[in-house]
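Structure record follows, encoded as structure tokens.
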Amino acid sequence: DVKVTQSSRYLVKRTGEKVFLECVQDMDHENMFWYRQDPGLGLRLIYFSYDVKMKEKGDIPEGYSVSREKKERFSLILESASTNQTSMYLCASRTGGRETQYFGPGTRLLVL
Amino acid sequence: SQQGEEDPQALSIQEGENATMNCSYKTSINNLQWYRQNSGRGLVHLILIRSNEREKHSGRLRVTLDTSKKSSSLLITASRAADTASYFCATVSNSGYALNFGKGTSLLVTP
């Protein structure tokens, strides 16, 4: 089974802190994604990576950056956390050429 | 950007009944997927239907696709309490990589 893990299930941070969310997949998938999920807004794409060191902005990249130094790991960075970044963050991966995405369990981030 | 919109937003049924959720989308697609999300968890892929397919089955799931109406439906037969979850339809975004999700249908199955 494909396994996508996220470093934390719950995270509480202060406004202005730099926050790192880590995602690791164990199936040698080329593509990885970060979404955020908010009530009434559904899932929105923040960034994705189609290969190591490659990244593309999604629909809502402002305030975020990403890093993909190794194929299995995709990090989401909140440069200076703000309260409007309180959300559920979901990481996903897929192998190139296949449509199905595999999701991690999510990180619920609270920024105070 | 969102592509699919599910209907209804919420659905409450009793165990043993069938649950039907609908999804409408805006642009042409190669395929449409359905995912399930249990409360506070990640999404799990359920089924994918291609644009040249009209109906597909997987266990108690039945998905239909009408490309002329840009709509799909997900039917869960003989629902169980364990089916309680949110259900999302998704289509591939313009990038060809990411998915556009609807806002989901929240299904509650009571014993």
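Chain letters run A, B, ... following the sequence lines, proteins first, then strands; residues in each count from 1.
In this structure, a donor-acceptor pair under 3.5 Å is present between the side chains of A/Ser87 and A/Asp38.
Proximity to chain A is absent for every atom of B/Gln9, based on heavy atoms less than 4.5 angstrom apart. B/Leu48 touches chain A through its side chain: at least one heavy atom from C-beta onward sits under 4.5 Å away, while N, CA, C and O do not. Of the atoms belonging to A/Gln37, it is side-chain heavy atoms, and not backbone ones, that fall under 4.5 Å from chain B.
Salt bridge annotation for A/Arg73-A/Glu22: present, with a cationic side-chain nitrogen under 4.0 angstrom from a carboxylate oxygen. Using a cutoff of 4.0 Å between basic side-chain nitrogens and carboxylate oxygens, B/Asp83 and B/Arg60 are scored as salt-bridged.
Looking only at distances, no side-chain donor or acceptor of A/Arg9 sits under 3.5 Å from a matching main-chain atom of A/Gln6.
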